[in-house]
Amino acid sequence: IVDGQDDLHVSNIESICQKVNKPLFIFDISHSALANTIITVNDNYFEINNGVSKIKSTQISGVILRSFFVAFGDKEKTLEEKLWADDWNQVVKGILSMLLYDGVKIVPSYPQSLVFENKLSFPSISKIGGFQYPNTLVSNHKSMIIRKVEHGKNVLKPFSQKKYIINQSEYGAKVIRMTQELLESMNEGDSPILLQDEIIKQFEVRVTTVGKISFACKIDNQKSDKASLDWRRYDFDNVPHTSMILPPEISSGIQKIHNKLRVNYSAIDFAVDVNDNWWFLDFNPSGQWLWIEKLTTMPITLSILEYLNDD
C-alpha cells in the first residue's frame, strides 16, 4: 500500500490481508514517516525500508494506491521542506512507473486516476457509458450564470473535496443550492463555478467497481433533511444504505467507461429521479469505499485484493 497518514482503509486492508495470509508492505508517504524511510533505486530495481520492515521491487505483486503525494502538516512550510517533499514526490512517481513497466497491477489505475477525476471531464465520460448528465455550466461570466439560474433550480457543486475550516466553520466540499444572495455576491473575475440543474431525486446510488465487478449501494438520502441535497452531509442514523442489483444497462455502461479510459477501479455517483431515470453525477477514479463496505458488508476490499492476485 502507498499511503498517507491516518487512513482507516489501510488498517482494514491490513486486517483482511492477515485473514487471507497475504503479505503486506505499507509505504507511508506522510511527512513524518518519510523522515524515517530509506530508499535505494539502482537501474530497474529498488528497495524500501520503512524503519519496521523492507521490501524489494521484485517482491511486489500488486499496489493499492491510497495516496499520491507527500502530505504536509500546517507547520511544514519552509522552502527546504517543500523541496524535500518535491524530491520525494518525484521518487514515488518514478517507482510507480517502474512497477507499471514491470506489469505490476496498481489500484486505482495510475496515472489515469489523476487525469479523469476532474469534473470538467464528466460530461464526456457520461457519454461513453450512454448516461444522462444534468445540464451544466462552468463559468465566471455573471450574465451567463444569471441566464442559467433564471431557467430553473440549480445547485452549486465544488470542483474538489477539499475542506477548509475558518473560525470553526467548514467551507467547500458540499453541494449547495444557488440562491439569489449568492448570485448577487458574485463579481466579474471571480474564479469559475460549476452550476448544474437540480435533479429531483428518489434516491442516490454509489457504484464501486473493481475490474468487472460492481458493488452498488442505494443511498436513501431523501429520508433526511440534512442529507437530501448531498449525502456527504452524513446522517447515517436516518439515511439507509443498502446493497442493490444494478440494471444491466448501468452495469454495461460502467464497463464501457472502464474500457475506454483504461481504468480498473471507480466510484460513480448516480441520482435516480422521481421518473426512475438514472443521472450520472460524479466519477471518482480513486474514490473512498470503506464506509460503503462497513454499512453494507459488501466485500470491496477483498475484491481489490483478489483483482491484484488474478493473473
Side-chain angles (χ1 to χ4, degrees), residues 8 116-123 125-126 131-139 145 148-149 151-166 168-183 185-186 191-209 215-244 246 250 254 266-296:
L8 293 176
F116 299 119
E117 65 179 1
N118 192 291
K119 283 182 165 54
L120 270 66
S121 68
F122 292 177
I125 293 173
S126 66
F131 299 130
Q132 297 183 89
Y133 188 74
N135 183 270
T136 301
L137 172 69
V138 176
S139 180
I145 294 169
K148 176 160 176 53
V149 171
H151 283 86
K153 290 184 177 181
N154 285 263
V155 293
L156 182 62
K157 301 185 74 171
F159 284 106
S160 76
Q161 298 304 312
K162 287 184 179 178
K163 299 177 184 178
Y164 300 93
I165 307 297
I166 302 173
Q168 298 183 330
S169 296
E170 183 180 297
Y171 296 88
K174 304 290 192 301
V175 176
I176 60 175
R177 284 190 175 92
M178 189 62 178
T179 63
Q180 189 63 35
E181 182 181 2
L182 281 172
L183 195 59
S185 70
M186 290 186 60
S191 60
I193 63 171
L194 191 154
L195 269 181
Q196 193 170 83
D197 286 357
E198 182 175 347
I199 303 300
I200 308 304
K201 306 167 187 172
Q202 283 190 71
F203 54 88
E204 295 191 49
V205 181
R206 174 81 160 200
V207 184
T208 306
T209 301
F215 300 91
C217 176
K218 178 182 178 182
I219 304 176
D220 277 310
N221 58 328
Q222 299 311 295
K223 295 184 177 181
S224 164
D225 290 337
K226 178 182 177 182
S228 60
L229 187 64
D230 184 357
W231 54 255
R232 290 172 181 82
R233 292 184 175 86
Y234 300 109
D235 186 9
F236 295 130
D237 290 336
N238 298 303
V239 177
H241 289 63
T242 53
S243 59
M244 65 176 292
L246 286 175
I250 303 299
I254 292 172
S266 70
I268 301 180
D269 297 325
F270 292 94
V272 180
D273 69 20
V274 292
N275 296 312
D276 294 327
N277 296 308
W278 284 63
W279 294 86
F280 180 103
L281 296 182
D282 284 290
F283 181 74
N284 306 282
S286 57
Q288 312 288 355
W289 74 83
L290 183 59
W291 58 282
I292 292 290
E293 180 168 299
K294 294 295 186 183
L295 291 171
T296 65

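Along the sequence shown, residues carry numbers from 1. Heavy atoms only: backbone and side chains are in, while hydrogens, waters and symmetry mates are out.
Under a 3.5 Å cut-off, the side chain of Lys226 and the backbone N or O of Tyr234 do form a donor-acceptor pair. A donor-acceptor contact shorter than 3.5 Å links the side chain of Asp230 to the backbone of Arg232. In this structure, the side chain of Glu117 does not engage the main chain of Pro285 through any donor-acceptor pair within 3.5 Å. Of the possible donor and acceptor atoms, none in the side chain of Asp235 sits under 3.5 Å from a partner among the backbone N and O of Ser224. With hydrogens and angles disregarded, no donor-acceptor distance shorter than 3.5 Å links the side chain of Asp220 to the backbone of Lys223. A donor-acceptor contact shorter than 3.5 Å is absent between the side chain of Asn284 and the backbone of Ser286.
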query: Which is it for Leu281 and Gln196 under the side-chain contact (heavy atoms from CB on, under 4.5 Å) test, yes or no, and what are the steps along the way?
result: CA-CA 10 Å; Leu281 296 182; Gln196 193 170 83; 4.0 Å; yes
side-chain contact (heavy atoms from CB on, under 4.5 Å) between Val205 and Val272, intermediate numbers included: CA-CA 8 Å; Val205 181; Val272 180; 4.2 Å; yes
Ile193 vs Met186, side-chain contact (heavy atoms from CB on, under 4.5 Å): CA-CA, chis, key distance, verdict: CA-CA 10 Å; Ile193 63 171; Met186 290 186 60; 4.0 Å; yes
- request: Show your reasoning for whether side-chain hydrogen bond (donor to acceptor under 3.5 Å, both in side chains) applies to Glu198 and Asn154.
  value: CA-CA 5 Å; Glu198 182 175 347; Asn154 285 263; over 6 Å; no
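In this structure, CD1 in Ile268 is found 9.5 Å from CD1 in Ile250, a value given to the nearest 0.5 Å. Here CZ of Phe131 is found 8.5 Å from OG of Ser126. Values are rounded to the nearest 0.5 Å. Within the model, atoms NZ of Lys218 and CD of Gln202 stand 7.5 Å from one another, a figure rounded to the nearest 0.5 Å.
Using a cutoff of 4.0 Å between basic side-chain nitrogens and carboxylate oxygens, Arg206 and Asp269 are scored as salt-bridged. Ion pairing between Asp282 and Lys119 holds under the 4.0 Å rule for side-chain N and carboxylate O.
A 4.5 Å side-chain heavy-atom check between Ile145 and Leu137 finds at least one atom pair inside the cut-off. Contact check for Val138 versus Leu120: side-chain heavy atoms found under the 4.5 Å cut-off. Taking the side chain as every heavy atom from C-beta outward, Tyr133 and Ile125 never approach each other to under 4.5 Å.
With sequence neighbours left out, Thr179 forms a side chain to side chain contact (heavy atoms under 4.5 Å, CB included) with Glu181, Leu182. Under the side-chain hydrogen bond (donor to acceptor under 3.5 Å, both in side chains) criterion, Asp197 pairs with Lys148, not counting sequence neighbours. Take Trp279 and apply the ring-ring contact (aromatic ring centres under 6.0 Å, His included) test, not counting sequence neighbours, and it matches no residue. Applying the side chain to side chain contact (heavy atoms under 4.5 Å, CB included) criterion to Glu293, with sequence neighbours excluded, gives Asn12, Ile16, Trp289, Leu290, Ile300, Thr301. Residues passing the side-chain hydrogen bond (donor to acceptor under 3.5 Å, both in side chains) test with Gln288 are His9, Arg66, sequence neighbours excluded. Not a single salt bridge (Lys or Arg N to Asp or Glu O under 4.0 Å) links Arg233 to another residue, sequence neighbours left out.
Between Phe122 and Phe116, the distance from one ring center to the other does not fall under 6.0 angstrom.
Neither side chain, Lys201 nor Gln222, offers a donor N or O lying under 3.5 Å from an acceptor on the other.
Within 6.0 Å of CG in Asn277 there are more than 12 heavy atoms belonging to other residues, nucleotides or ligands.
The aromatic rings of Trp278 and Phe203 sit perpendicular, their planes meeting at an angle over 60°, well past the 30° parallel limit.
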